[in-house]
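Read through the structure below, which is laid out as structure tokens, and then see the notes.
Every chain is numbered from 1 and lettered A, B, ... according to where its sequence line falls, protein lines coming before strand lines. Atom set for the values below is all heavy atoms of this structure, side chains included, hydrogens, waters and symmetry mates excluded.
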Amino acid sequence: MDFKQIEEKWQKKWAETKLYKFDRDRVDKKYYCLEMFSYPSGAKLHAGHWYNYGPADTFARFKRMQGYEVFQPMGFDAFGLPAENYAIKTGIHPEDSTLKNIATMEAQLKRIGATYDWDYEIKTCLPDYYKWTQWMFLQLFKHGLAYQKEAPVNWCPSCNTVLANEQAQGGVCDRCGSTVTHKNLTQWFFKITAYADELLDGLDKLDWPEKTKLMQKNWIGRSYGGEIVFDVKGSEEKIRVFTTRADTVFGVTYVVLAPESPLVDRLTTPAQKEAVEAYRKKAAEATEIDRMSSTREKTGVPTGSFAINPVNGREVPILVADYVIASYGTGAVMGVAAHDERDYVFASKLGLPIERVIKGEEGQDDTLPFTEYGTLVNSGEFDGLKSEDAKLAILKKLESEGKGCLKTNYRLRDWLVSRQRYWGAPIPVIHCEHCGAVPVPEKDLPVLLPKNVNFTPNGESPLKKCDEFMHTTCPVCGRPALRDADTLDTFVCSSWYYLRYPDSKNADAPFDSEWINKMLPVDKYIGGAEHACMHLLYARFFTKVLRDLGYLNFDEPFLSLVHQGTILGPDGNKMSKSKGNVVSPDDSIQKYGADAFRLYLMFGFNYVEGGPWNDSGLEAISRFIDRVERLVKKCFENFVSAPFGKAEKELNRVRHLTIKSVTNDLEHFSFNTAVARLMEFVNAIYAYDSSVPQKNAMFKDCVRDLVLLLAPFAPHCAEELWEMLGEKYSVFNAPYPVCDEKATVLDEVELAVQINSKMRAKVTVPTDADSAAIEAAAVDAVKDMLGDKPVKKVIVVKGRLVNIIA
RNA sequence: GCCGAUGUGGCGGAAUAGGCAGACGCAAGGGACUUAAAAUCCCUCGAUGGCGACAUCGUAUCGGUUCGAGUCCGAUCAUCGGCACCA
């Protein structure tokens, strides 16, 4: 086949006939199949992109052939850091490079032959999209879900700029190599923690990979415990700590504050000031990941102040240590060296007391640090209680004294959405000296991102230097005021794009609720596992907020989720320009065609796992397509119409088994086994062809089914073969074959016979034989090997094996 | 470090609910057809031993549960993804 000509021919025809146009009148049969949208990077589409989009398109075509009205849109997540960095380096404006990249990618995506309905395309960097991103911000603001607070950013003192984590790896600035420090800025947050419980509990009903749900669950990290209040000696200050082990509170020998905690300023004694400040400065240079490492050497310095343990009045030292993270819990922890690994190491290092308050069971090794539950000792009136009961009893008592309470803590933090960058959606807030932070009225949206801005790093958000952007009037009092100079995290843009697609041309609203409630939720969402905890959580959060605001009548955006794996370079590393291991599909497509290429991607890898690129099987796939073509040509030979003989029955059985397993494999994104089944079917048709003297007319039915089964995998070739068979356009309007269960049943099955679990023989029995008959046949088959050993037990697994224990 | 995965022939990968390990394909070797090549078709193809029908071993390592473990449990090692400003 001349692939090139066929691809052009059918892509043109599909476009002309609008084959993929979503028919709004058939919304009751809709199937919303969504791949995570692309980031428009400068590089051309590589093999990895084809791997994301080709198999997903196969799935969409399969659903279409099953009779669904498939909605499969595509768009671009177009704001973000790389375009801005590229601009700083080359002087090419992010808007120019981004729109150019998008145009290139659109052309390339069309060559895959994917069934996108481009009428619904979205680009997040265009005002008619980000207008509504800003609108989303305003809704959250209005309902108390957006707020400002101080938070640290990575800061390079030498470049005088904020750095993304990616640019600050290893605590070193990737532009100049200076040590990265932290700096506090007032920034906007979304209160995702308000939905922590619902985000956690809602996971149960989702058809998502279990590991993804588990990761989200751990990310949200709900733990039940209590808050305990420590007074400070000679001060009105109070230190609140969260603990899941209130049973160990009698063993507290010190209290630790995070270096960032505002309490540190107020509690450090003059004598300790210098040491504490030096320590804080050093801590600001450490990355959070390093700080959380439990193998890292523990360090800390005393503040000079003392806290009073509320259960026994004991005075314990207050220290500052960087293993305590300000953003988790209250930014302060109670130190129980005897019953916590980390505290034990810390106390040993700093020479702090270690005192046992929990004993293990009789005979249990309870050498310190003993971190399991046990029985309380040295704990006053609570001695003798079990840990589980003591936790509650102690917290109840503290509560009655106003010194503690039961509390649920989450690892999840509120979502920081401010970015001190240019290439993003401006935050629609006006800062007025008199009225404070005032939201931009909805009628004034979008707040346009000005094009002429100097975004070379010089210590401030780039927009701050743009006077005509910054200066405005307060919508409340009308006096001069300044706009917020930061832009929104691109994750905000991608948290709601799936809602925009079906109504992407709506100028009056982000979407028409009535329509969106018919089109959503997304039925199948496909994208990388790396999004498990962030994008996929943010999108769920947005959906729940919009439901609570009355815009949506569903509470989960993605009912069913599949992660595709990653195609690595041939060297096993992630494809990247700098490593020089990017695999371009162009040569392969030139040689074998787009269909062979995408078919190979499906056959050569486990879709969910991915793996290093190798093209050793590509030629074989091309041969496979040729083999199918030759079968189509055989359909014009002579046939007989006669009742099925043994050979026909067998071929028909393979045919229906193939339909059954290919359908099932596609439902589960098991493309490689589906292709294998198609190959087996082809082999079976050839075997039939060469073994019977006169082909039965059912041969043609088999080939016809084969072309239909193949169509989602190799769309251009299948469309051509379908035409060759004399069928009417389009193969994608023909129904996918359905398995006839009766045809798949065998009269006899072969079972393995084991003696003492070792394979010894095979035996063939009627399919409907009962256990006794199978047992008898099996014992008979191996009676020579058994000799006169008595049979103790026989295990029969129908359809599989018989195990004789002798 | 923490959270989540993964580990099967020379290679990519199969193996529903614990039941014949290695489907399908690549590579390799042998053969047929051909003046020759290409294409196509047929055979072999985990390791070891044996002329042989066969036997023993074998799913990262060590241990456990079970009539039976690639699959379940425990420990170890290695690799990959995420860790909140890459998206």
* Taking only residues two or more places apart in sequence or in another chain, which ones pass ring-ring contact (aromatic ring centres under 6.0 Å, His included) with A:Y147? -> A:F189
* Give me the ring orientation class for A:H46 and A:H49: parallel if the planes are under 30° apart, tilted from 30 to 60°, perpendicular past 60°. => tilted
* To do: Check the distance between B:rA5's P and A:K213's NZ and give it to me in whole angstrom.
  => 13 Å
Just distance, no hydrogens or angles: give the donor-acceptor pairs under 3.5 Å from side chains in residues 793-803 of chain A, sequence neighbours left out.
unit_1	atom_1	unit_2	atom_2	d
A:N803	OD1	A:S757	N	2.9
A:N803	ND2	A:S757	OG	3.2

* To do: Would you mind classifying the nucleic acid contact of A:L214 as base, sugar-phosphate or nothing, using non-hydrogen atoms under 4.0 angstrom?
  => sugar-phosphate
* Please say whether more than 12 non-hydrogen atoms of neighbouring residues, nucleotides or ligands are located less than 6.0 Å from NZ in A:K349. => yes
* **Side chain proximity check, A:T673 to A:H668, heavy atoms < 4.5 angstrom** => no
* Counting any heavy atom closer than 4.0 Å, what does A:Q420 reach on the DNA or RNA strands: base, sugar-phosphate only, or nothing? -> base
* To do: May I ask you to check whether A:Y592 and A:Y600 place their ring centres under 6.0 Å from each other?
  => no
* Please work out which of the three classes, parallel, tilted or perpendicular, describes the rings of A:F671 and A:F713, given edges at 30° and 60°. => perpendicular
* Asked: Between B:rA39 and A:R627, is there an OP1 or OP2 to side-chain N/O distance shorter than 4.0 Å?
  -> no
* Asked: Can B:rA47 be described as syn, meaning its chi torsion is within 90° of 0, or is it anti?
  -> anti
* Asked: If you look at every strand shown and take non-hydrogen atoms under 4.0 Å, does A:V153 touch a base, only sugar-phosphate, or nothing?
  -> base
* Structure fact -> Note: contacts of residues 484-498 of chain A with RNA chain B (heavy atom, under 4.0 Å) are A:T490, A:F491
* **Interatomic distance, A:I220 CD1 vs B:rG4 C1' [rounded to whole Å]** => 15 Å
* Structure fact -> 5' to 3', nucleotides 24-32 of chain B under a 4.0 Å protein heavy-atom cut-off (B base, S sugar-phosphate only, - none) gives BSS------
* Residue pairs passing the salt bridge (charged side-chain N to carboxylate O under 4.0 Å, His left out) test where at least one lies in residues 179-195 of chain A, sequence neighbours excluded -> none
* Asked: Can you say whether the rings of A:W50 and A:F597 are parallel (under 30°), tilted (30 to 60°) or perpendicular (over 60°)?
  -> perpendicular
* Structure fact -> Closest to the side chain of A:N218, out of B:rC3, B:rA87, B:rC85, is B:rC3
* Structure fact -> Separation of B:rG18 atom P from A:L801 atom CG, nearest Å, is 15 Å
* Asked: In whole angstrom, what separates A:H563's NE2 from B:rA5's C1'?
  -> 11 Å
* Have a look at A:K792 and say if it touches a base, only the backbone sugar-phosphate, or nothing, with a 4.0 Å heavy-atom cut-off. => nothing
* To do: Check whether any side-chain nitrogen or oxygen of A:N606 sits under 4.0 Å from OP1 or OP2 of B:rG12, and answer yes or no.
  => no
* Structure fact -> Sequence neighbours excluded, the answer for salt bridge (charged side-chain N to carboxylate O under 4.0 Å, His left out) partners of A:R291 is A:E260
* Asked: Can you find a pair of side-chain heavy atoms, one from A:L412 and one from A:L200, that are under 4.5 Å apart?
  -> no
* Which pairs with one or both residues in residues 206-223 of chain A pass salt bridge (charged side-chain N to carboxylate O under 4.0 Å, His left out), sequence neighbours excluded? -> A:D197-A:R222, A:D201-A:R222, A:E210-A:K213
* To do: Using atom CD of A:E84 as one end and atom P of B:rA87 as the other, report the distance to the nearest whole Å.
  => 10 Å
* Asked: What stems involve RNA chain B, if each pair must be Watson-Crick or G-U and both of its distances must be under 3.5 Å, with 3 or more such pairs in a row?
  -> B:1-7 with B:77-83, B:10-12 with B:24-26, B:28-32 with B:40-44, B:46-49 with B:54-57, B:60-64 with B:72-76
* Between C1' of B:rA87 and CG of A:L536, the distance in whole Å -> 12 Å
* Would you kindly compare A:T212 and A:N756 by the position of their nearest RNA chain B nucleotide and give the one closer to the 5′ end? => A:T212
* Parallel, tilted or perpendicular, as decided by the 30° and 60° cut-offs, for the rings of A:W415 and A:F541 -> perpendicular
* Mind calculating the distance between CG (A:D689) and P (B:rC41) to the nearest angstrom? => 12 Å
* **Pair listing, salt bridge (charged side-chain N to carboxylate O under 4.0 Å, His left out) test, anchored in residues 596-606 of chain A, at least two apart** => A:D57-A:R598
Distances under 3.5 Å between nitrogen or oxygen atoms of protein and nucleotides 56-59 of chain B:
unit_1	atom_1	unit_2	atom_2	d
B:rC57	OP2	A:K758	NZ	3.1

* Between A:M759 (CE) and B:rC54 (C1'), how many Å, whole number? -> 13 Å
* Asked: Is A:Q754 touching bases, backbone alone, or none of the nucleic acid, heavy atoms closer than 4.0 Å?
  -> base
* To do: Output yes when A:E619 and A:K591 qualify as a salt bridge under the 4.0 Å nitrogen-oxygen rule, no when they do not.
  => no
* Asked: Given the P atoms of B:rA14 and B:rG9, what is the spacing between them in whole Å?
  -> 14 Å
* Please work out if A:G610 contacts a base, only the sugar-phosphate, or nothing of the nucleic acid, heavy-atom cut-off 4.0 Å. => sugar-phosphate
* To do: Output the single nucleotide from B:rG13, B:rC85, B:rC67 whose closest atom is nearest the side chain of A:F605.
  => B:rG13
At a cut-off of 3.5 Å, list every protein nitrogen or oxygen paired with a nitrogen or oxygen from nucleotides 77-84 of chain B, distance to 0.1 Å.
unit_1	atom_1	unit_2	atom_2	d
B:rA84	O5'	A:N165	ND2	3.3
B:rA84	N6	A:R411	O	2.8
B:rA84	N1	A:R413	N	3.0

* Where does B:rG50 fall, syn or anti, if syn means a chi angle no more than 90° from 0? -> anti
* With sequence neighbours excluded, tell me which residues meet side chain to side chain donor-acceptor pair (under 3.5 Å) with A:Y328. => A:N409
* Asked: If you pin A:S670 and A:E750 to their nearest nucleotides in RNA chain B, which one's is more 5'?
  -> A:S670
* A:Y130 and A:F79: aromatic ring centres closer than 6.0 Å? -> yes
* To do: Ignoring hydrogens and angles, answer whether the base of B:rC85 and the side-chain atoms of A:Q187 contain a donor-acceptor pair closer than 3.5 Å.
  => yes
* Spacing of the C1' atoms in B:rC72 and B:rG19 (rounded, Å) -> 14 Å
* Asked: Is the A:Y686 to A:Y688 ring centre distance short of 6.0 Å?
  -> no
* To do: Could you tell me whether A:I795 contacts a base, only the sugar-phosphate backbone, or nothing, with contacts defined as non-hydrogen atoms closer than 4.0 Å?
  => base
